[in-house]
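To keep things clear, I will list the structure first and then write my remarks on it.
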Amino acid sequence: MTIPPASLLADAEPPTAATESKREYQANAIQWAVLTALLAAPARDNAPLRAFLASRGEGPEAEPCTPAAEVCDFSCGVASLDEGLRRDAAKSAARRDDNWRDDAVRDTFVVLQERRVLAYFTQRLCFVRRPGAELATEARAKAETIPLIQLQRLAVDRSVQGRGVGSALLRQAVLRAASLARNCSAPALWVPSLSAETRRFYLARGMQPFPVILDPLGVLLTFDTVRKAMASGAVAEDRGTKLR
């Protein structure tokens with residue numbers, strides 16, 4: 001199976017829990033060549049990203065989702081994102097070990113007003129495999145697999161939309177992913193956008209279009225580019241506060 005378009009228009013059929021659990025994508029030969037060339041390209045100065053990471057403000061600070069978070073009233077205008085938060089919260093409530101994780105990266109972070117969730121993002125580690133990798137030896141299959149950190153979902157409740165909460169969350173998600181990247185050998189952050197409008201949101205903040213053959217609406221940000229932007233411009237400290 002080749003990589004399916006992960007981006008769905010808001011009025012298209014939303015992803016199901018089964019499709020969201022997919023962590024491995026089998027690329028065809030052309031997709032693999034395009035992706036590896038994209039990731040091998042040298043990092044260039046990215047002025048929009050540099051400005052975005054250096055921007056300062058009093059945006060909200062996200063914290064790990066716990067069973068105490070109230071998610072029932074969350075509404076961002078996209079049903080699949082609302083439902084995704086509720087699924088994540090249910091998994092959080094089912095944890096018996098506070099250190100449990102689906103994998104080394106996956107977690108959901110929320111912005112709270114008292115206990116009510118006003119915004120959240122979810123990250124996970126996924127894998128793109130070269131054609132035929134599943135037929136090779138285990139060692140070769142690992143060598144022919146590219147791990148990517150995926151920003152699965154990022155959503156803001158309608159009550160606080162337009163107040164910079166989404167930008168603050170994205171900044172935290174990018175910096176968190178960059179700090180985790182070395183531990184899981186992921187070269188890039190992949191964001192499957194839900195619509196052309198959300199794609200423009202990411203592009204305006206320095207992310208690059210994913211080749212259409214891989215994901216028609218998705219965006220990509222290599223961590224070499226992030227590190228170059230951080231080295232050439234001050235990065236805002238996480239000074240966010242909970243919304244009151």
Side-chain angles (χ1 to χ4, degrees), residues 6-7 23 25 35-65 88 99 101-111 119-128 145-156 164-193 198-211 214-215 217-240:
S7 307
R23 295 176 63 240
Y25 301 88
L35 180 60
T36 53
L38 182 66
L39 296 175
R44 298 180 180 179
D45 181 55
N46 187 321
L49 178 66
R50 182 160 29 91
F52 173 59
L53 294 179
S55 60
R56 299 183 181 276
E58 297 298 332
E61 181 180 9
E63 56 191 75
C65 185
D88 289 345
N99 293 320
R101 291 290 184 274
D102 286 338
D103 51 51
V105 173
R106 182 181 173 86
D107 210 344
T108 296
F109 288 78
V110 295
V111 172
Y120 81 101
F121 71 84
T122 299
Q123 290 177 326
R124 70 170 180 179
L125 191 65
C126 66
F127 303 89
V128 179
T145 298
I146 299 175
L148 297 174
I149 296 180
Q150 185 183 59
L151 180 58
Q152 270 189 295
R153 298 185 291 274
L154 187 154
V156 178
V165 178
S167 290
L169 275 188
L170 179 60
R171 186 183 301 109
Q172 292 174 52
V174 169
L175 294 177
R176 178 178 184 271
S179 70
L180 292 168
R182 289 190 175 90
N183 294 332
C184 59
S185 301
L189 176 68
W190 171 26
V191 187
S193 302
T198 56
R199 185 173 184 263
R200 287 193 292 271
F201 169 84
Y202 293 119
L203 294 178
R205 287 153 183 81
M207 295 192 173
Q208 302 301 307
F210 222 156
L214 293 167
D215 183 353
L217 288 174
V219 297
L220 190 79
L221 182 62
T222 68
F223 294 120
D224 282 347
T225 300
V226 174
R227 286 187 280 271
K228 184 177 181 66
M230 294 173 65
S232 58
V235 176
E237 296 179 359
D238 289 334
R239 300 188 301 154

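The minimum heavy-atom distance between V226 and A178, with the atom names listed, is CG1-CB, 4.0 Å. Nearest heavy atoms, G218 versus R199: O-NE, 3.9 Å. Between A188 and L220 the shortest heavy-atom distance is CB-CD1, 3.8 Å.
Residues L170 and L151 are in side-chain contact: their nearest non-hydrogen atoms beyond the backbone lie under 4.5 Å apart. Looking only at side-chain heavy atoms (C-beta outward), L175 and M230 come within less than 4.5 Å of each other. With a 4.5 Å cut-off on side-chain heavy atoms, V219 and Q208 do not count as touching. You'll find the side chain of T222 stays beyond 4.5 Å of the side chain of P187, heavy atoms only. Looking only at side-chain heavy atoms (C-beta outward), V128 and T145 stay at 4.5 Å or farther from each other.
Formation of a donor-acceptor pair under 3.5 Å by the Q123 side chain with backbone atoms of A173 is found in this model.
Legend: residues meeting side chain to side chain donor-acceptor pair (under 3.5 Å) with R227, ordered by chain and number and at least two apart, are D224.
A cation-pi arrangement is present between R171 and F52, with the terminal nitrogen or guanidinium carbon under 6.0 Å from the aromatic centre and inside a 45° cone about the axis.
Sorted by first and then second residue, the side-chain hydrogen bond (donor to acceptor under 3.5 Å, both in side chains) pairs involving residues 37-46 (not counting sequence neighbours) are D45-R50.
Aromatic ring orientation, F109 versus F121: parallel (interplanar angle below 30°, classes split at 30° and 60°).
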Throw together a table of side-chain donor-acceptor distances under 3.5 angstrom for residues 200-207, partners on residues two or more places apart or in other chains.
residue: R205; atom: NE; partner: S167; partner atom: OG; Å: 3.0
residue: R205; atom: NH1; partner: F201; partner atom: O; Å: 2.8
residue: R205; atom: NH2; partner: S167; partner atom: OG; Å: 3.0

List the steps and the verdict of side-chain contact (heavy atoms from CB on, under 4.5 Å) for D107 and T122. CA-CA 6 Å; D107 210 344; T122 299; over 6 Å; no
Where do V111 and V156 land on the side-chain contact (heavy atoms from CB on, under 4.5 Å) test, with the steps shown first? CA-CA 9 Å; V111 172; V156 178; over 6 Å; no
side-chain contact (heavy atoms from CB on, under 4.5 Å) between D88 and C65, worked out: CA-CA 8 Å; D88 289 345; C65 185; 5.6 Å; no
